[in-house]
Novice: 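Could you have a look at this structure, given as structure tokens, before my questions?
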Number of protein chains: 2
Amino acid sequence: MQIGDLSRATGVNIETIRYYERAGVLPPPARQSNGRRSYGAADARRLGFIRHARELGFDLSSVRVLLALQEQPEASCEDASRIAQSQLEAVESRLARLLSLRDELSRMISECGRGRVSECRVIEALAAGQTQPHG
Amino acid sequence: MQIGDLSRATGVNIETIRYYERAGVLPPPARQSNGRRSYGAADARRLGFIRHARELGFDLSSVRVLLALQEQPEASCEDASRIAQSQLEAVESRLARLLSLRDELSRMISECGRGRVSECRVIEALAAGQTQPHG
DNA sequence: CTTGCTCCTGTAGTTACTACAGGTTCTAGC
DNA sequence: GCTAGAACCTGTAGTAACTACAGGAGCAAG
């Protein structure tokens, strides 16, 4: 499998695959006699794992830890669970934040009189925010 | 007001204030005779506006547009409303995505047997994801 | 044998900052 | 007047996770 095939198989950009190799989450693959990268099914599985973890919001350093854990099946599961737990907490706090943003944006839009900017609630809402406390 | 005062007044990092000047969202301020930046109340208001917009998830190019609109009060409100509307849509889609991530993470964690990695549902859940379609 | 595709390396650009190096200026205390 | 230490200045580089491009090589088809 050349890099283009792996890209099509996994939906991951070619440049991103090479980036993952530089970043140390994909091992340097074997090379064909002409110097081109040669991948196998294991690489596709690993890349699929990485892609899914990234889509779940794990950063590459967490992915590295998860991959290392995966390679020692006798190790404890707690590290993986802890990473997922902290990821869940981050997701919960992003959720709470986004919910309040949605409310504020909805309110801004519904209050916009569709008149002149001087009467526009959108800009006023943004300007008003500066006096409110923020955590 | 020197840059440090403005920073304390708005809660925006000094380096970030200088960055905003380079990025063209804060106008280059007057300088004291010693070359130091000198700000007024209008700058603090503008920076508060920028900060609030950034907290709402607007990127700097949207902030630039909103600021430009703000400066021509005779213009139509529709541009501002449209920016807020597209922002709302982005927030809604991020919300939907995060909600499903939360469910998947919760499930992963609750199914983790807290045994060996070989039985770990967290890693398995990530590996399994690769065969599922993603939009 | 030329066109065009895929691949290679290496570097620079992206966003929104943040951090540092190396230098100047101001302020307070002695 | 002198010195220590803030606070400020410019300019550059680092961050994450890519993305894009320059410039060159190999390969397959017509």
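Convention: sequence-line order gives letters A, B, ...; per-chain numbering from 1. The structure displayed is predicted, hence computed values, not measured ones.
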Novice: Let's see if you can work this out: which of D:dC27, C:dC17, D:dA17 has an atom nearest to the side-chain heavy atoms of B:Tyr19?
Specialist: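 So the side chain of B:Tyr19 is nearest to C:dC17.
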
Novice: Mind calculating the distance between CD1 (B:Ile3) and C1' (D:dA7) to the nearest angstrom?
Specialist: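 Going from B:Ile3 (CD1) to D:dA7 (C1'), I get 11 Å.
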
Novice: Please determine whether a side-chain nitrogen or oxygen atom of B:Thr16 lies at a distance below 4.0 Å from atom OP1 or OP2 of C:dA16.
Specialist: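 So the side-chain polar atoms of B:Thr16 never come under 4.0 Å of the phosphate oxygens OP1 or OP2 of C:dA16.
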
Novice: Please state whether the phosphate of C:dA16, meaning OP1 or OP2, lies under 4.0 angstrom from any side-chain nitrogen or oxygen of B:Tyr20.
Specialist: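 Indeed not, no polar side-chain atom of B:Tyr20 lies that close.
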
Novice: Let's see if you can work this out: which of D:dT19, C:dC20, C:dC7 has an atom nearest to the side-chain heavy atoms of B:Glu15?
Specialist: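 When the side chain of B:Glu15 is considered, C:dC20 is the closest of D:dT19, C:dC20, C:dC7.
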
Novice: Measure from the side-chain heavy atoms of B:Leu60 and tell me the nearest of C:dA16, D:dA17, D:dT10.
Specialist: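 Looking only at heavy atoms from C-beta outward on B:Leu60, the closest nucleotide is C:dA16.
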
Novice: Check the distance between C:dC17's P and B:Phe58's CZ and give it to me in whole angstrom.
Specialist: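 Whole-Å distance recorded here is 14 Å.
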
Novice: For the side chain of B:Asp59, counting heavy atoms from C-beta on, which of C:dA16, D:dA17, D:dT10 is nearest?
Specialist: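 The closest nucleotide is C:dA16.
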
Novice: What is the nucleic acid contact for B:Arg37, judged by heavy atoms within less than 4.0 Å: base, sugar-phosphate only, or nothing?
Specialist: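 Sugar-phosphate contact only.
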
Novice: Let me spell it out: for each of A:Arg54 and B:Arg18, pick the nucleotide of DNA chain D with the closest heavy atom. Which residue's pick is nearer the 5' end?
Specialist: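 On the 5' side of the pair lies B:Arg18.
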
Novice: Which sits closer to the 5' end of DNA chain D, A:Asn13 or A:Asn34, going by the nucleotide each is nearest to?
Specialist: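 The answer here is A:Asn13.
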
Novice: Quickly work out the A:Gln32 CD to D:dA28 P distance and round it to whole Å.
Specialist: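 After rounding, the reported distance stands at 10 Å.
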
Novice: Report the distance from atom CD of B:Glu21 to atom P of C:dA16, rounded to the nearest whole Å.
Specialist: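 Whole-Å distance recorded here is 18 Å.
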
Novice: Atom CG in B:Leu6, atom CG in B:Leu47: separation rounded to 0.5 Å?
Specialist: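 The CG atom of B:Leu6 sits 5.0 Å away from the CG atom of B:Leu47.
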
Novice: Which part of the nucleic acid does B:Arg22 contact within heavy-atom distance under 4.0 Å: base, sugar-phosphate only, or nothing?
Specialist: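 Counting heavy atoms under 4.0 Å across all strands, the contact made by B:Arg22 includes a base.
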
Novice: Hey, does the side chain of A:Arg51 come within less than 4.0 Å of D:dA17's phosphate (OP1/OP2), counting only N and O?
Specialist: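 A:Arg51 to D:dA17 OP1/OP2: no side-chain N or O under 4.0 Å.
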
Novice: Between A:Asp43 and A:Arg46, is there a salt bridge with N-O shorter than 4.0 Å?
Specialist: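 Looking at A:Asp43 together with A:Arg46, the answer is no, because their closest N to O distance does not fall below 4.0 Å.
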
